[in-house]
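Report on the structure given below.
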Amino acid sequence: QVHLVESGGGSVQAGGSLTLSCTAFGYTEDIRYMGWFRQSPGKEREGVATIHSGGYLEYADSVKGRFTISKDNVKNVHLQMNSLKPEDTAMYYCALGRPVARPLDADSYNYWGQGTQVIVSS
């Protein structure tokens, strides 16, 4: 059974940094995307950043230059978030899947973590 475990959320002041981590258990295929999505109250879940097992990266425009996604291996993914803004406040979810056309499309991902809260105060 596949499950994802996230860690690293918390509260920080604007301009600060946080690092989120995610480990995937039980997924046996080497080719995959692992990504980070976020959702705040009243809004749809949006893609933040994703990384392919082969190294391809994709970021949402709103986080380019501030967030960096990386992987240690095929199971562990991290999201380094710098220069955080109050609008980055959301529940952040790790996801795993094999999207065909749009790597930041949440509907393309089959497996999801429970989420970790990020709060950025002004």
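Note that the coordinates shown come from a computational prediction; the quantities given were computed from them, not determined experimentally.
Between K75 and F25, some side-chain heavy-atom pair lies under the 4.5 Å cut-off. Contact of the E6 side chain with the Q114 side chain is registered, since non-hydrogen atoms from C-beta on lie closer than 4.5 Å. Using a 4.5 Å cut-off on side-chain heavy atoms (C-beta onward), L79 and V48 make contact.
Atom CZ in F37 sits 10.0 Å away from atom CD in E46 (nearest 0.5 Å). Atoms CG and CZ, on D107 and R102 in that order, are 8.0 Å from each other to the nearest 0.5 Å. To the nearest 0.5 Å, atom CH2 of residue W36 and atom OG1 of residue T116 are 7.0 Å apart. Note that OG of S53 is 11.5 Å distant from CG of N73, once rounded to the nearest 0.5 Å. Here NZ of K85 is found 13.5 Å from OG of S122. Values are rounded to the nearest 0.5 Å.
Between the side chains of T19 and Q80, at least one donor N or O sits under 3.5 Å from an acceptor N or O.
Both V77 and L57 belong to a single network of hydrophobic side chains, linked directly or stepwise wherever heavy atoms of I, L, V, M, F, W or Y lie under 4.5 Å apart. V5 and L18 fall into different hydrophobic clusters, where Ile, Leu, Val, Met, Phe, Trp and Tyr residues are linked whenever their side-chain heavy atoms come under 4.5 Å apart, directly or through other members. In the hydrophobic cluster analysis, where Ile, Leu, Val, Met, Phe, Trp and Tyr join through side-chain heavy atoms closer than 4.5 angstrom, L104 is grouped apart from V63.
T89 places a side-chain N or O within 3.5 Å of a backbone atom of V120 that can act as its donor or acceptor partner.
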Begin with the C-alpha distance, continue with both residues' side-chain angles, and end with the deciding distance and a verdict on side-chain contact (heavy atoms from CB on, under 4.5 Å) for N110 and L96. CA-CA 6 Å; N110 304 105; L96 185 155; over 6 Å; no
Side chain to side chain donor-acceptor pair (under 3.5 Å) between E58 and T50, worked out: CA-CA 5 Å; E58 192 159 312; T50 189; over 6 Å; no
Would you please test R45 and S40 for side-chain contact (heavy atoms from CB on, under 4.5 Å) and show each step? CA-CA 8 Å; R45 191 169 296 190; S40 49; over 6 Å; no
Assess the residue pair H3 and Y111 against the criterion (side-chain contact (heavy atoms from CB on, under 4.5 Å)); give the C-alpha distance rounded to whole Å, side-chain angles, the decisive distance to 0.1 Å, and a yes or no. CA-CA 7 Å; H3 67 279; Y111 304 102; over 6 Å; no
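Of all the heavy atoms in S121 and P86, the pair that sits closest is C-CG, 4.5 Å. Considering all non-hydrogen atoms of both residues, I69 and M34 come closest at CD1-O, 3.8 Å. Here the shortest heavy-atom pairing between S17 and N82 reads OG-OD1, 2.9 Å. For the pair P99 and Y109, the tightest heavy-atom approach, listed with the atom from each and the gap, is CG-OH, 3.7 Å. The two residues A90 and Q117 come nearest to each other via the heavy atoms O-NE2, 3.1 Å. Minimum interatomic distance between L20 and M81 (heavy atoms only, all atoms of both residues): CG-CE, 3.7 Å.
Pairs of residues two or more places apart, or lying in two chains, that qualify as ring pair (Phe, Tyr, Trp, His ring centres under 6.0 Å) and include a residue from residues 43-98 are Y33-H52. Screening residues 2-111 for disulfide (SG to SG under 2.5 Å) gives C22-C94 as the qualifying pairs, with residues at least two apart or on separate chains.
Within 6.0 Å of atom CD in E44, 12 or fewer heavy atoms from other residues, nucleotides or ligands are found, so the atom counts as exposed in its surroundings.
Using a 4.0 Å cut-off between charged side-chain N and carboxylate O, R66 and D88 make a salt bridge.
Taking S11 as the reference, I119 meet the side chain to side chain contact (heavy atoms under 4.5 Å, CB included) condition, with sequence neighbours excluded.
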